[in-house]
Each structure stands twice: as structure tokens, then as C-alpha cells.
Amino acid sequence: ELGGDLGGSVEETPFHTALRLSTGTLSILDPGGIVFTRVWCAYEIYLTLLGSADHEHDVASCSRGGEVSLSLDGSGVDPVTTTAQRDAILAFSLEGAQASRQEDKDKIL
């Protein structure tokens, strides 16, 4: 059971360990920018940005038509970013982020 692997703190989770071993992360935005409303996604970005100087975070977006764009210049802005995605980025709040399980959110915060 996965719940048994989550440990007593978020730092003890396999998810945290995997992020610490990575060299970066990629957030893939759906047309509504849901990634910025989920607490585990926010935690992933947080760990990446607090990682060593060689850790990278980038964003790829997908339009409703299925067009995918990757911002390789680090600007975080690309031609396919929708208004809903921009609104989600600007409205981002870790405290307001959602989790399937309240105890996950409590551990992360």
C-alpha cells in the first residue's frame, strides 16, 4: 500500500527523495493551469527551486488544440499560454493549493 510508504514527514517520502536526486523538473500545463492549484505540484516546484544551482525548472504548455510549447529560454512565457494558464500562475497560492488528502497538504505546509 502506498500510504505505508509516505512516512511520518514529507521529507521521508519516496517523492521527496526522487526530487532531491533529480537535476530538475518540468511542469506541463493543461489548458486551465491546474498544476498551479495542486499542493504536490507546488512542492515539486519548491524543491526544484531550492535545490542546488544546477537544478532547473521549466514549463511546457498545451493548448486546447493539442499544440505543445516549451519555454527553453527560462522566461516562463511561450506563445501557446492561454489566458486561464496565465490566470492560474498569477493567482498561485500554496496555502490555497488543493490535495486529494488533507493530511498530505498538512505535511507539505
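Index from 1, following the sequence. FYI, side chains are in, hydrogens and waters are out, and symmetry mates aren't considered; it's all heavy atoms of this structure. Just so you know, these numbers come straight off a predicted model, no measurement behind them.
Here CD of Glu56 is found 9.5 Å from OG1 of Thr25. Values are rounded to the nearest 0.5 Å. Once rounded to the nearest 0.5 Å, the distance linking OG of Ser22 with NE2 of His57 reads 10.5 Å. We find the CG-CZ distance between Asp104 and Arg38 to be 9.5 Å, quoted to the nearest 0.5 Å. Considering CD1 of Ile45 and CG of Leu26, their distance stands at 10.0 Å, rounded to 0.5 Å.
Ile108 and Ile34 are members of different hydrophobic clusters when ILVMFWY side chains are connected at heavy-atom separations under 4.5 Å.
Closest heavy-atom contact between Glu95 and Leu109: CA-CD1, 4.4 Å. Closest heavy-atom contact between Tyr43 and His16: OH-ND1, 2.6 Å. Nearest approach of Leu47 to Arg20, heavy atoms of both residues: CD2-NH2, 3.4 Å.
Considering only heavy atoms from C-beta on, Leu19 comes within 4.5 Å of Glu44 through its side chain. In this structure, the side chains of Gln98 and Val39 stay at 4.5 Å or more apart for every pair of heavy atoms.
With sequence neighbours left out, Phe15 forms a ring pair (Phe, Tyr, Trp, His ring centres under 6.0 Å) with Trp40. For Val35, the side-chain contact (heavy atoms from CB on, under 4.5 Å) criterion is met by Ser27, Leu29, Cys41, not counting sequence neighbours.
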